[in-house]
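Computed from a prediction, not measured in an experiment: that's the story for all the values here. Below, chains carry the letters A, B, ... as their sequence lines are ordered, and counting in each starts from 1.
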Amino acid sequence: MEYIIAIFIGLLYACGVYLVLRRSIVKVILGVFVLSNATNLIIFLSGGITRGGAAFIPEGAETVDPATISDPLPQALILTAIVISLGISAYILALKYRYFDVTGTHDLDQLKNTDQR
Amino acid sequence: MDNLLSLLIALIFLAGFATPLIHKLAGKKTGLLLAIVPLSLFIVLLLELLQLAPRESALLQTSVSLLPGMDFAFRIDGLSLIFGLLISGIGTLVLLYAAFYMAKYERQAHFFTYLTLFMGAMIGLVFSDNLMVLFIFWEITSVTSFFLIGFDHHVDKSRQAALQALLITGFGGLCLLFAVILTGNITGTYVISELLQQSIHLGNHPQYYLILALIILGAITKSAQFPFHFWLPGAMQAPTPVSAYLHSATMVNAGVFLLMRIYPIMGGTMPWKYALMITGGITMFLGAFFSMGQRDFKRILAFTTISALGTMILLIGIDTTSSLKAALVFFIVHGLYKGGLFMIAGIIDKTTGTRDIYDLHGLGRQLPLTAAVTLLALVSMAGLPPMLGFLGKELIYEAKMQLPDVAWLVLPLSVGANIMMVAISITVYYELFFRRKNKAAITLKYRERELPFYFLAGPVLLAAAGLFLGISPAFLELPVGNGLFFMGALTGSIQLSLWHGFNEVLRLSIFTVLSGISVFMLRAPITRFIQKMVRWFDQWPLPTLFTQLINKYLTAAAKNTNLLQHGYHRFYLLTFFLAVIALMGLQIFRITEIDLPELAASPLKIHVALLLLVTAGAVIYAVFSSSRLSAILAMGVVGYGIALLYLYYGAIDLAITQFLAETVLMVLFVMVIYYLPAFAVLSSRKSRLRDGLISLGVGTFITLVVLKAKFLNLETPISEYFAARAYTEGHGRNIVNVILVDFRALDTMGEVTVLILAAAGVYSLFRFQIKTLKKKKQNKA
Amino acid sequence: MNNIILEKIALLFLRGIALMSVFLLLRGHNSPGGGFIGAIVLAIGFIFYGIIFGSDRIERILYFNTRIWMGIGLGFVLLAAVWPVFLGHAPLTGLWYTGNWPLLGEIHLGTPLIFDTGIFIGVAGLILSVIITIMEVLKWNT
C-alpha cells in the first residue's frame with residue numbers, strides 16, 4: 001500500500017509541477033493547490049498509515065496505547081497546514097483577480113518587468 | 001557621577017529624536033533650546049577638567065552593557081576631554097548660530113534633528129572606550145553628515161556633494177571596521193582601556209601592515225587627505241552652520257582623533273611615519289596653495305581646513321613628543337579659529353548676500369564688530385602673536401626642526417604652506433574690510449545692530465577664547481599633558497608659553513610672515529598662476545572621475561542583476577526544481593545503508609487503491625482540461641479524495657477539516673472564475689514537452705524520497721508522549737485537538753497570525769476599489 | 001430576493017448552523033471537532049446565506065466588521081497566552097479548573113478552551129473577511 005501511495009504522491013507532484021510551470025496564471029494557482037495537498041499527504045504518510053483507530057483516548061481510560069491509534073502529531077500539523085493553505089489560496093486568488101483587473105493579461109511572461117530596466 | 005557621561009550622551013540623542021516635537025512647541029527658538037544640552041555637557045566636562053591630574057589614569061571609566069562583548073563603554077582622559085570640550089563648546093555656539101541662520105529655511109526640524117544626532121555621535125566617538133562602539137558612532141557621523149551636507153536636497157550639486165562625502169567616508173568606515181575586527185581578533189579585546197593597559201603593540205604582528213593600511217585609509221578618508229580631499233570643498237554646499245561645525249572641530253577631525261587614539265597600539269613604526277608624513281605633507285601644501293586661487297570665502301576656508309588637517313596628520317606622522325604635543329595644540333587652535341571664520345562667512349553671506357570676497361569691500365565701517373572678530377581669527381590662522389595660533393605654529397616649527405633626516409623636505413613644505421596661510425589671511429581681510437574709493441558702498445540686508453546677539457556670540461566667544469588661551473597657554477598644559485600621557489609619548493610635564501625666546505623658530509616665523517606679506521603684495525600674478533594651476537588640475541577632475549567610477553559600477557551591477565533576474569517566473573521555478581533534484585538526489589543516494597524491505601509494507605486494499613485511481617484520474621484531467629470550471633471541479637474531486645484517504649486511515653478531524661476547507665475554496669474559486677480569462681494554450685509544443693519531462697522527473701524523485709523516508713525510522717515517535725499525557729495533563733480525549741490548543745499552541749498561534757495577515761492582504765488589495773464602489777452606491781441612493 | 005418565507009427559513013438555517021458550530025467547538029477537546037472545524041462550518045453557513053442575499057446582509061448580522069472579529073479572536077488567543085504568565089507559568093501553559101457542578105457533573109474548564117475559542121472567532125473572521133471582500137468587489141452585495 002505504501003508503494004501505491006508513494007507513487008500517487010509522485011503523480012500529484014508531477015501534475016503540480018507541470019501546472020506551476022505554465023504561463024497561464026490560473027493554472028499556476030491550481031498547481032500550487034495540488035502541490036500543497038501532495039505535501040500534506042507526505043507528512044501524513046511519514047506518521048505511518050497502519051489502519052488503526054482514530055487518535056482518541058477512550059471514555060473512562062487515562063491513556064491509550066500509541067500502537068493502536070494513528071499518529072496524532074502529523075495530523076495536527078496537517079490540520080494547521082490545510083487551514084493555512086486555505087488562507088493562502090484565498091489570498092493568491094484575490095491577488096490574481098486584482099492583477100488581471102489591473103493588467104488585463106493572464107500571461108505570466110507579460111509580468112516579467114521589475115523595477116530594474 | 002559615574003554614569004553622568006553616558007546619560008548626557010543618551011540625552012543628546014534623545015534631544016535629537018525629540019527635536020521634531022520641540023520644534024512644534026518652540027518654533028524658531030528650537031536651536032536656542034537645544035543648545036542647553038551641549039552646554040550642560042560642556043560645563044560637566046569643564047568640571048572634569050579641573051579634577052584632571054597630569055598623569056593619572058583615565059578620569060572616568062563607565063560602561064552600559066547592551067550587547068554581550070560590546071558594552072557601551074566611555075572614558076574620559078586628556079585626549080577625549082580636549083576633543084569633547086571643543087565639540088560640545090562649538091556645538092553649543094553652532095546651535096545658537098543656526099537658530100538665526102536657519103530661521104528662513106524650510107524643514108528646520110529636520111535640520112536640527114540631524115545636527116543634534118551628529119553632535120551626539122561625535123561626542124560618543126571621542127569618549128568611546130570600545131573600538132566597536134567607536135566604529136558605530138563613526139558611521140553615524142558619516143550618515144548624519146550626509147543628510148547635513150545634502151540639506152538643500154533640491155539642488156543637484158548639493159545632492160552630489162553629499163553622496164560623494166557619504167561614499168568616501170563610508171568606504172573609510174568599512175576599512176575601519178575590518179581593522180577593528182582584525183585588532184580585536186589579535187588582542188582578544190575591543191576595549192581601548194584594556195588595550196592601553198596591556199601596552200600591546202601590534203608592530204611585530206604579521207597582519208600589522210594590513211591593519212595599519214586599513215586604519216590609515218579610514219582616517220585619511222574621513223579627514224579629507226590627498227587623494228580623498230575633494231569631498232571637503234564639495235561639502236561647502238551645506239548650510240554654513242553645518243560647515244562651521246563639521247569642518248572646524250568635528251567630522252574631519254575624527255580621523256585625526258582616531259590616529260591619536262590608536263597611536264599607542266600601532267603607531268610609531270616606519271610605515272606609520274612615512275605613510276602619514278607623505279599624505280599629510282602633500283595635503284598640507286596643496287590645501288594652502290589652492291586656497292589662494294579661490295574666490296568664495298567658504299571655499300577658501302575649506303582649502304585651508306584641508307591644509308590644517310594635513311598639518312595635523314603630518315605632525316602625528318613625525319612621531320616625536322613635541323610633534324604630538326604640537327598636533328594636539330594645533331587641533332585646539334584650528335577648532336577655535338576655523339569655527340569662528342566659518343560663522344563669519346555665514347554672517348557676511350547673510351548681510352550682503354554673497355560670499356565672493358572679490359565682490360566685497362569696505363565692510364569694516366559697516367560691520368565693525370565682525371571686522372574686529374575676523375581680525376583676531378585671521379591673526380590666529382596666520383599664526384601671529386598674541387593669538388593661540390602663534391603658539392601652535394611655533395610648536396609645529398619646533399617639532400619639524402627636530403627631525404634631522406626629513407627636515408629638509410618637511411620644513412620647506414611647512415614654511416611654504418604657512419606663507420600661503422599668512423598671505424590668504426591678509427588677502428581675505430583686505431578684500432573684505434578695506435574701503436576702495438572707486439567702488440560704490442555695499443548695500444546690506446541687515447545692519448550689525450539688527451542681528452541678534454546669539455548670532456554673533458559664536459565667532460566672538462571663539463575669538464576671545466583663542467586670545468585668552470594665547471596669552472595664558474598654561475591652562476592647556478594639564479589636558480594636553482594628560483592626553484600625551486595616554487598616547488604614551490610624555491616623559492615629563494610640559495610647558496606652554498607664548499614667548500619662547502629669540503631662537504631659530506622665531507626667526508623662521510618672522511621669515512614666514514615677511515614672505516607672506518610679499519606674497520600678498522604680489523597676489524595678482526600669484527593668484528592668476530594658481531588659477532591656471534587649478535585649471536590644469538581640472539583636466540583630471542577627481543570628483544567627476546569619482547562619479548564616473550560609481551556610475552560604471554552601477555551599470556555593471558545592473559547588467560549582472562538583469563542576467564540573474566530575468567523576470568520569467570517559469571524559469572525561476574525551473575532552476576529551483578532542477579537544483580532541488582540535483583542536491584537532494586545526491587544526498588539521498590549517499591545514504592546507502594538502509595535496506596528497503598526491512599519494514600514490511602502494509603497489505604494492498606482494493607477499495608483504497610480504487611479511490612486513489614479515481615483521484616489520480618481527476619488530477620490528470622485537471623491538468624489537461626481546457627475548461628476552467630471542469631478543471632476546478634476536478635480539483636474538488638482531488639481534495640475530497642484525499643479527505644477520504646485521511647478518513648480511512650483514522651484521521652477524523654483531518655478529514656472533516658479537509659472536506660470543509662475544500663468546500664470553501666471551491667465556492668471561492670467558482671465565484672471568481674468567471675471574472676477571469678479562459679484557458680489558452682500559450683506555450684509551444686516543445687516547451688510543454690520539456691516541462692512534462694521535468695515534472696515527471698520531479699514526481700519520480702519525490703516518490704523515491706517518500707519511500708526512503710518512510711522506511712527510515714530514526715527515533716521513537718514523539719506521539720507516545722502526547723498519547724500518554726493528553727488526558728492526564730491536557731484534560732482532553734481528542735489527542736489532535738489537545739496538541740493543537742495545548743501542547744503545540746505556539747504553532748497554532750503563529751498560524752492564526754499568518755491567516756489574519758492573509759486576510760489583511762486581501763482586504764488591502766481591494767480597499768480602494770471597495771471604497772469607490774460604496775461611494776457610487778451611496779450617490780445612486 | 002424579497003421572498004419573506006425564504007428569508008425566514010434561511011435565517012433559521014443559519015442559526016442552526018451557528019449553534020452547531022459552537023457545539024463542534026465545545027466538544028472538540030474530547031471528540032472530533034474543535035476551533036478550526038467549528039469556524040469553517042460557521043463560515044460556510046454565512047457564505048450560503050451571503051450567496052442568496054448578498055454580502056451586505058452578512059455584515060449586518062455580524063454587527064462588527066470582520067476585521068474587528070479577527071482582532072477579537074486574536075485577543076482571545078493572546079489572553080490564553082498571557083494569562084499563565086501572571087500566575088508565574090510559561091506563556092501558553094494550560095491552566096485548568098476542575099469542579100463538580102450539580103447539573104452538569106464533572107467539568108473541566110481551562111485556558112486551552114479560551115485559546116480554541118480565539119481560533120474559532122479568528123478563523124471564521126478570516127474566511128468571512130476574504131469572502132465579503134471578494135463579494136463586494138464582484139458587486140455581489142445586494
Quick one: what part of [X] sits under 4.5 Å from any heavy atom of chain B, side chain, backbone, both or neither?
{"X": "C:Leu78", "result": "side chain"}
{"X": "C:Leu126", "result": "both"}
{"X": "C:Ala81", "result": "side chain"}
{"X": "C:Ser31", "result": "backbone"}
{"X": "C:Ile44", "result": "side chain"}

Is the C:Tyr49 to C:Phe53 ring centre distance short of 6.0 Å?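 Close enough - the centres of the two rings lie under 6.0 Å apart.
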If you draw a 6.0 Å radius around [atom1] in [X], do more than 12 non-hydrogen atoms from other residues or ligands fall strictly inside?
{"X": "C:Phe76", "atom1": "CZ", "value": "no"}
{"X": "C:Ile5", "atom1": "CD1", "value": "no"}
{"X": "C:Met20", "atom1": "CE", "value": "no"}
{"X": "B:Arg744", "atom1": "CZ", "value": "no"}

Which atoms of [X] approach chain C - backbone, side chain, both or neither, heavy atom under 4.5 Å:
{"X": "B:Ile770", "value": "side chain"}
{"X": "B:Ile735", "value": "neither"}
{"X": "B:Val738", "value": "both"}

How close do [X] and [Y] get, counting heavy atoms only, and between which atoms?
{"X": "C:Glu136", "Y": "C:Glu59", "answer": "OE2-OE1, 3.3 Å"}
{"X": "B:Ala643", "Y": "B:Ala655", "answer": "O-CB, 3.5 Å"}
{"X": "C:Ile17", "Y": "C:Gly45", "answer": "CD1-CA, 3.7 Å"}

With rounding to the nearest 0.5 angstrom, report the [atom1] to [atom2] distance, [X] to [Y].
{"X": "B:Leu665", "Y": "B:Leu660", "atom1": "CG", "atom2": "CG", "answer": "12.5 Å"}
{"X": "B:Thr657", "Y": "B:Ile652", "atom1": "OG1", "atom2": "CD1", "answer": "11.5 Å"}
{"X": "C:Asn65", "Y": "C:Leu128", "atom1": "CG", "atom2": "CG", "answer": "11.5 Å"}

With chain C, which of B:Thr663, B:Val672, B:Val736, B:Ile656 has the greatest number of heavy-atom pairs at distances under 4.5 Å? B:Ile656
Pair count under 4.5 Å, heavy atoms only, with chain C: among B:Tyr763, B:Phe743, B:Phe766, highest is B:Tyr763
Which residues in residues 111-123 of chain C have any heavy atom closer than 4.5 Å to a heavy atom of chain B?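 Near chain B, by residue number: C:Pro112, C:Phe115, C:Asp116, C:Ile119, C:Val123.
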Pairs of heavy atoms under 4.5 Å with chain B: top-ranked of C:Gly125, C:Gly28, C:Gly73, C:Gly71: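 Most pairs with chain B among the choices: C:Gly28.
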Taking every non-hydrogen pair under 4.5 Å, which of C:Ser129, C:Gly110, C:Gly33, C:Gly34 racks up the most with chain B?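 Max contact count across the listed options: C:Gly33.
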Could you check whether B:Asp653 and B:Asn734, counting side-chain N and O atoms only, form a donor-acceptor pair closer than 3.5 Å? yes
